[in-house]
Amino acid sequence: MADDELEAIRQQRMAELQSKHGSLSWNQMNPGDSSNDQQGQQEAKQRETEMRNSILAQVLDQSARARLSNLALVKPEKAKAVENYLIQMARMGQLGGKISETGLIDILEKVSQQTEKKTTVKFNRRKVMDSDDEDDD
């Protein structure tokens with residue numbers, strides 16, 4: 001094939017793809033470009049964060065939101081667990097209205113009890129020469 005024919009086929013194919021998928025740019029159709037992948041991942045992460053924040057804003061009142069954000073500064077993994085719990089409850093329709101600060105404290109206590117680590121201490125005493133066995137009278 002000549003270069004002109006090849007270019008005509010490419011343009012026709014691009015037109016078909018654009019009409020089929022909307023007006024996508026060339027970079028969006030080529031997934032090999034890593035900068036677009038990173039940008040897409042960042043946008044998806046940002047959308048997820050915005051969605052989480054909007055759900056939490058609907059579920060929590062202002063004082064409870066403040067307490068949860070303070071908890072996130074000190075213990076981010078615990079705050080994330082509480083956020084996940086609240087979002088799950090909201091999606092299942094188990095929340096009757098906005099949760100106050102006292103309600104959030106109750107939820108925090110429940111999550112703390114579930115994730116509480118039980119610490120046990122075990123002493124292994126080694127038998128070394130025991131002075132009680134010898135009678136030096």
Side-chain angles (χ1 to χ4, degrees):
M1 274 192 218
D3 289 334
D4 296 333
E5 290 177 19
L6 187 59
E7 187 62 34
I9 292 172
R10 276 192 189 134
Q11 288 178 354
Q12 182 181 6
R13 183 71 178 139
M14 282 292 286
E16 288 174 6
L17 288 173
Q18 285 179 349
S19 65
K20 188 175 184 180
H21 297 290
S23 59
L24 294 175
S25 69
W26 175 255
N27 289 335
Q28 289 172 327
M29 285 188 272
N30 281 337
D33 194 21
S34 64
S35 65
N36 282 338
D37 289 344
Q38 289 176 349
Q39 188 177 19
Q41 289 174 353
Q42 288 175 349
E43 289 174 1
K45 193 173 184 180
Q46 184 178 7
R47 275 183 270 145
E48 179 187 348
T49 304
E50 289 174 2
M51 183 186 72
R52 290 174 67 87
N53 288 338
S54 68
I55 291 173
L56 291 172
Q58 292 173 1
V59 170
L60 299 173
D61 68 356
Q62 196 67 26
S63 60
R65 256 325 252 173
R67 182 173 285 269
L68 188 59
S69 65
N70 288 340
L71 178 68
L73 293 173
V74 179
K75 296 185 178 181
E77 60 279 342
K78 191 172 202 174
K80 195 77 160 176
V82 171
E83 287 176 1
N84 291 337
Y85 180 75
L86 289 169
I87 290 171
Q88 183 181 14
M89 286 179 64
R91 286 185 177 159
M92 294 178 142
Q94 295 177 347
L95 299 176
K98 286 198 171 197
I99 296 177
S100 65
E101 188 174 2
T102 56
L104 183 65
I105 291 171
D106 293 339
I107 292 172
L108 284 169
E109 288 174 357
K110 286 180 188 176
V111 170
S112 292
Q113 288 174 357
Q114 291 173 353
T115 60
E116 184 177 299
K117 294 180 182 176
K118 305 252 188 239
T119 306
T120 58
V121 178
K122 184 177 179 182
F123 291 101
N124 286 331
R125 299 193 186 263
R126 296 182 184 191
K127 294 202 175 205
V128 184
M129 293 182 65
D130 194 6
S131 63
D132 292 338
D133 292 339
E134 298 177 11
D135 291 311
D136 290 333
D137 293 309

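Just the heavy atoms: all of them, side chains too, but no hydrogens, waters or symmetry mates, feed the values below. Just so you know, residue 1 is the first one in the sequence shown, and it goes up from there.
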Q. Given the rule in the side chain to side chain contact (heavy atoms under 4.5 Å, CB included) test, do Lys80 and Arg52 qualify, once you have shown the distances and angles that lead to the verdict?
A. CA-CA 10 Å; Lys80 195 77 160 176; Arg52 290 174 67 87; 3.8 Å; yes

**Q.** Heavy-atom neighbours of Lys110 NZ exceed 12 at 6.0 Å
**A.** no

Q: Scan Leu71, Val59, Leu56 and name whichever one has a side-chain contact (heavy atoms from CB on, under 4.5 Å) with Glu83.
A: Leu56

Q.
Quick check: closest heavy atoms across Ala66 and Ser69, and the distance to 0.1 Å?
A. O-OG, 2.8 Å

Q.
Would Leu60 and Arg67 count as a side chain to side chain contact (heavy atoms under 4.5 Å, CB included) here? Give the steps.
A. CA-CA 10 Å; Leu60 299 173; Arg67 182 173 285 269; over 6 Å; no

Q) Out of curiosity, Glu101 CD to Leu68 CG, how far, rounded to the nearest 0.5 Å? A) 11.0 Å

Q) So, for Ala72 and Ala79, which heavy atoms are closest and what is the spacing to 0.1 Å? A) CA-CB, 3.5 Å

**Q.** Minimal non-hydrogen separation, Ala57 against Lys98, with atom names
**A.** O-NZ, 3.4 Å

Q. Side chain to side chain contact (heavy atoms under 4.5 Å, CB included) between Gln88 and Asn84: does it pass, once the steps are laid out?
A. CA-CA 6 Å; Gln88 183 181 14; Asn84 291 337; over 6 Å; no

Q | Separation of Ile55 CD1 from Glu50 CD (nearest 0.5 Å) | A | 12.0 Å

**Q.** Joint cluster assignment, Met51 & Met89, ILVMFWY side-chain distance < 4.5 Å
**A.** yes

Q) Do you know which two heavy atoms are closest between Ile99 and Leu104, and how far apart they sit? A) CG2-N, 3.5 Å

